[in-house]
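A quick write-up on the structure given underneath.
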Amino acid sequence: MIRLLAVSNYRSLKEARLPLGMLNLITGANGSGKSNLYKALRLLSDTALGTATSSIAAEGGLDSVLWAGPETLSRGMKKGQVPVQGGPRQKPIQLQLGFVRDDFSYAIDFGLPEPVPRTMFAKDPVIKREAIWFGEHYHPSRVMVDRRGPVVRARQESGAWQVIEHHLHSFDSMLMRLADPRMAPEALHLRESIRSWRFYDHFRTDRLSPVREPHVATRTPVLSHDGSDFAAAWQTINEIGDELALAEAVDDAFPGAVVTVEESRGRFALLFHQPGLLRPLNQAELSDGTLRYLLWIAALLTPRPPELMVLNEPETSLHPDLLPPLARLMARCSESTQLWVTSHAPGLIRPLQDEPNCQHIRLSKEFSESRLQDYPDLDLPLWKWPGR
């Protein structure tokens, strides 16, 4: 489980440290930084996929994603006595991401490329430092795998360091390139863990959405990010997952309703049986809200739970009556999977808050910086970034 997420200099997140639990609820007003937290988490997952630098470039490059405010705010600026303005830069330009887990901790530091040699890939940031260490708090004596520039070292059983890579490209994370279970098992372990993370944003349910079409009849233990394999994922849960939980989740939201899957010419279609109707409705006929709710059931009751599942505003298009059952479903999912939920809906927020394992993170903004509303700086968990 991730116990702490740390972000530095990413958009409105000048210096954020978030204590996390098994069920994490992220709330706040529009513009408070919820989307930036979500994007920072996506960027962290991109390190294990080898796409982090290209993701930053796609956002406009390092200049576009960096904190745009001054390095420090003077007392006069905070009181409005003098305008907010920058001064001579004291620290290097860097974007940092990291986390603390139950086993290992990890941090990555992005910076600007050297002016020489000249390149047309000027929007690509370079990775200046990466580190994996044992335990919560960074200390050189706890580092297991260390990357500075193109050189990666791994600590051996004897305690001695061994260089395992001399020429790592500046745009490649060591999590992506190192897959040696003997020389750097920690890097391989973290990479596979991060690759298991799942992100679900907004499912398309318009008339032309692939969700409304039958899908190839093949086992699907993980619902795709766009839900296009919806019926196959549902039938997979029926056969190798928790079939009883699936039926209970449907009945909790739609009393008396039953969902079945039919096969025709090698394709699966989902049928929704409602009391009072003489025939079932297929997935092309369902309302947007009903279809989205069934998609959330298929995502949350996956027979292959990930280490982390991230849901971005799952209340979209749902009737308020469906939000308490959705909260109960999320609570059930969080017993086996660490869950991150971003929401605006009071009908979802209230029941999730009442869950004993819920970590509620309220965001607010002060001088355009996202801050944790209920955590004064002195109460935040300790975190130290590895230096360059």
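Since we're looking at a predicted model, the values are computed, not measured.
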key: NZ/NE/NH1/NH2 to OD/OE distance under 4.0 Å, R212 and D206   = no
inquiry  = Working to the nearest 0.5 angstrom, can you tell me the gap between L286 CG and F272 CZ?
reply    = 6.5 Å
ask   = Salt bridge check: are E366 and R371 linked by an N-O gap of less than 4.0 Å?
value = yes
ask   = Which hydrophobic side chains are connected to L49, either touching it within the sub-4.5 Å cutoff or through other members that do?
value = none
request  = Would you please test D226 and R204 for salt bridge (charged side-chain N to carboxylate O under 4.0 Å, His left out) and show each step?
outcome  = CA-CA 7 Å; D226 63 356; R204 273 186 56 202; over 6 Å; no
inquiry  = Around atom NE2 of H225, are there more than 12 heavy atoms from other residues, nucleotides or ligands closer than 6.0 Å?
reply    = no
query = Any Lys/Arg nitrogen of R142 or E136 sitting under 4.0 Å from an Asp/Glu carboxylate oxygen of the other?
reply = no
key: Member of F199, W340, W296, Y38 meeting the side-chain contact (heavy atoms from CB on, under 4.5 Å) criterion with L311   = W296
query = Going by an N to O cut-off under 4.0 Å, is there a salt bridge joining R207 and D288?
reply = no
query = For the side-chain contact (heavy atoms from CB on, under 4.5 Å) test, which of V259, I297, D251 pairs with L246?
reply = I297
Flag for D124-S54: side-chain donor and acceptor within less than 3.5 Å = no
message = Which heavy atom of E59 sits nearest to which heavy atom of R11, and what is that distance?
response = OE1-NH2, 2.6 Å
inquiry  = I'd like to know if the side chain of S105 and the backbone of G135 have a donor-acceptor N/O pair within less than 3.5 Å.
reply    = yes
key: Cationic N near anionic O, under 4.0 Å, E114 to K128   = yes
ask   = When you check the gap from the basic side-chain N to the acidic O, do E248 and R332 get nearer than 4.0 Å?
value = yes
